[in-house]
Amino acid sequence: DTQAKERYSPSTILSGHTGKIKLSKQQLEVLKAVATRKSVFITGSAGTGKSFILGCIIRILKKRFGPETVYVTASTGLAACALGGITLHSFAGIGLGNDDAETMVAKVMGKQEARERWRHAEVLIIDEISMIDGDLFDKLNYVAKIIRKKVGNHYRSCFGGIQLIVTGDFFQLPPVKATNRMKYFAFEAECWDKCFDLQIELKHAFRHSEGSFVEMLNEIRKGSPTDQTLQNLMNCQRVLPDGGLGIVPTRLYPLKADVKEENMK
């Protein structure tokens, strides 16, 4: 109703936030969608405000539905801790998530706490979605539908009618041990497009104000740097002094497998 819309509008929720808030048009679009019970996928490069807007969303939804029905999760424990949540696997009660869909359902049904989480959830927030593969995303959708059959009349819809708020950057870390190469990324899941009312890529960079630098970062992120960008990077190359110790500068890699390969070489 009108009173509810006013009470849970983005401006009303954010009015209690200390300090000056500056939101982009896209961020406002996201908040309006979330406040009207729409499922949203949010992506964007570093510095576009994904984490900030997610924090705002969590405040809005917890105030609307209560913290006990808004589940904050992430693909990894580290990311989950940053949000004050738990891993997606822990919420779902699926263990490592390697089982087929029917086995997952049986596993969840055998755990009262996991079963109750699925049935009581109004909102499921998933951060760092890039590390969740498409096959697992489809299985979770199936689990949600089966477990929530007795909850309302919307269980046949995606995730049994749970409002989804999903964030992440698919140019960052890929899925861990994906079993189905045809559904490697989460957006390759059969249910992906049906799950969201809004999919949006945040483009306004808050972290950097220099336009040319932002362009360079975006080119590198997508793996398509221009000749000018490559030249700018080469201009930063220099010999690092070792102080006579003969220590080779450390190389940094995102995955343990890459580190092992480098060390073996």
Side-chain angles (χ1 to χ4, degrees), residues 26-27 29-34 36-45 48 50-51 53-54 57-58 61 70-76 79-80 83 85 87-94 96-105 108 117-118 121-149 151 154-203 221-222:
Q26 288 182 310
Q27 287 177 321
E29 182 182 359
V30 168
L31 289 183
K32 289 177 181 177
V34 169
T36 53
R37 282 294 265 146
K38 293 181 178 178
S39 291
V40 179
F41 166 60
I42 310 160
T43 189
S45 61
T48 54
K50 295 192 300 298
S51 297
I53 202 66
L54 183 58
I57 288 170
I58 292 172
L61 295 176
V70 177
Y71 289 92
V72 181
T73 73
S75 56
T76 67
L83 294 172
T87 65
L88 178 59
H89 291 68
S90 295
F91 160 81
I94 58 173
L96 296 176
N98 297 329
D99 301 309
D100 59 73
E102 292 292 348
T103 303
M104 281 189 183
V105 169
V108 175
R117 283 195 296 269
W118 277 114
E122 290 285 349
V123 183
L124 176 58
I125 296 169
I126 309 173
D127 192 24
E128 299 294 353
I129 190 63
S130 69
M131 297 182 73
I132 300 296
D133 65 270
D135 196 41
L136 178 57
F137 196 80
D138 272 334
K139 290 175 183 177
L140 289 172
N141 177 49
Y142 180 79
V143 169
K145 286 183 176 182
I146 299 299
I147 301 297
R148 290 173 61 84
K149 272 189 177 182
V151 183
H154 305 291
Y155 69 87
R156 289 189 179 87
S157 57
C158 288
F159 276 76
I162 296 174
Q163 182 181 10
L164 289 179
I165 308 297
V166 178
T167 63
D169 180 6
F170 287 108
F171 286 102
Q172 295 186 18
L173 289 176
V176 179
K177 296 182 179 179
T179 56
N180 188 340
R181 301 299 298 186
M182 298 300 293
K183 293 193 289 186
Y184 184 69
F185 290 106
F187 62 77
E188 294 177 303
E190 294 175 12
C191 68
W192 179 266
D193 287 330
K194 298 176 184 177
C195 284
F196 302 104
D197 302 293
L198 174 66
Q199 298 188 54
I200 191 166
E201 179 184 5
L202 302 180
K203 294 184 177 180
R221 172 174 175 259
K222 295 180 179 180

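Just so it is clear, the model here is predicted, and its values are computed rather than measured.
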Quick one: does [X]'s side chain have a donor or acceptor within less than 3.5 Å of a partner on [Y]'s backbone?
{"X": "Gln172", "Y": "Ser130", "value": "no"}
{"X": "Thr36", "Y": "Lys32", "value": "yes"}
{"X": "Thr43", "Y": "Glu201", "value": "no"}
{"X": "Trp118", "Y": "Arg148", "value": "no"}
{"X": "Lys222", "Y": "Phe171", "value": "no"}
{"X": "Asp138", "Y": "Glu190", "value": "yes"}

Shortest non-hydrogen contact from [X] toward [Y]:
{"X": "Cys158", "Y": "Cys191", "value": "SG-O, 4.3 Å"}
{"X": "Ala74", "Y": "Ala79", "value": "CB-CB, 3.6 Å"}
{"X": "Thr48", "Y": "Lys203", "value": "CG2-C, 4.1 Å"}
{"X": "Lys139", "Y": "Asp99", "value": "NZ-O, 2.8 Å"}

Query raised in the report: Going through the checks in order, is the side-chain contact (heavy atoms from CB on, under 4.5 Å) test met by Val40 and Leu164?
Result: CA-CA 6 Å; Val40 179; Leu164 289 179; over 6 Å; no
Look up atom [atom1] in [X] and atom [atom2] in [Y], then write down how far apart they are to the nearest 0.5 Å.
{"X": "Ser75", "Y": "Ile126", "atom1": "OG", "atom2": "CD1", "value": "9.5 Å"}
{"X": "Lys183", "Y": "Asp133", "atom1": "NZ", "atom2": "CG", "value": "9.0 Å"}
{"X": "Glu29", "Y": "Ile42", "atom1": "CD", "atom2": "CD1", "value": "10.5 Å"}
{"X": "Leu136", "Y": "Asn141", "atom1": "CG", "atom2": "CG", "value": "11.0 Å"}
{"X": "Arg221", "Y": "Ser45", "atom1": "CZ", "atom2": "OG", "value": "5.0 Å"}
{"X": "Gln163", "Y": "Ile57", "atom1": "CD", "atom2": "CD1", "value": "9.0 Å"}

Query - Chi angles and distances behind the side-chain contact (heavy atoms from CB on, under 4.5 Å) call for Leu88, Leu140 - result: CA-CA 10 Å; Leu88 178 59; Leu140 289 172; 3.6 Å; yes
Regarding [X] and [Y], do their side chains bring together a donor and an acceptor under 3.5 Å, going by distance alone?
{"X": "Gln199", "Y": "Asp193", "answer": "yes"}
{"X": "Glu102", "Y": "Tyr142", "answer": "yes"}
{"X": "Ser90", "Y": "Thr87", "answer": "yes"}

Report task. Sort out for me which residue in Val123, Leu198, Leu61, Ile58 forms a side chain to side chain contact (heavy atoms under 4.5 Å, CB included) with Val34. Result ->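 Single pass found, and it is Leu61.
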Query raised in the report: Would you call the rings of Phe41 and Trp192 parallel, tilted or perpendicular if under 30° counts as parallel and over 60° as perpendicular?
Result: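 If you compare the ring of Phe41 with that of Trp192, the planes turn out perpendicular.
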Query raised in the report: Is it true that Phe159 and Phe137 have ring centroids separated by less than 6.0 Å?
Result: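 That pair passes the under 6.0 Å test.
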Requested in this report: Would you please test Met131 and Thr76 for side-chain contact (heavy atoms from CB on, under 4.5 Å) and show each step?
Outcome: CA-CA 8 Å; Met131 297 182 73; Thr76 67; 3.6 Å; yes
**Report entry** Within-4.5 Å side-chain heavy-atom neighbours: Ile129 and Thr167
**Finding:**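 Sidechains of Thr167 and Ile129: no contact.
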So, [X] and [Y], do they make that salt bridge, N to O below 4.0 Å?
{"X": "Lys50", "Y": "Asp169", "value": "no"}
{"X": "Arg181", "Y": "Glu188", "value": "no"}
{"X": "Arg37", "Y": "Asp197", "value": "no"}

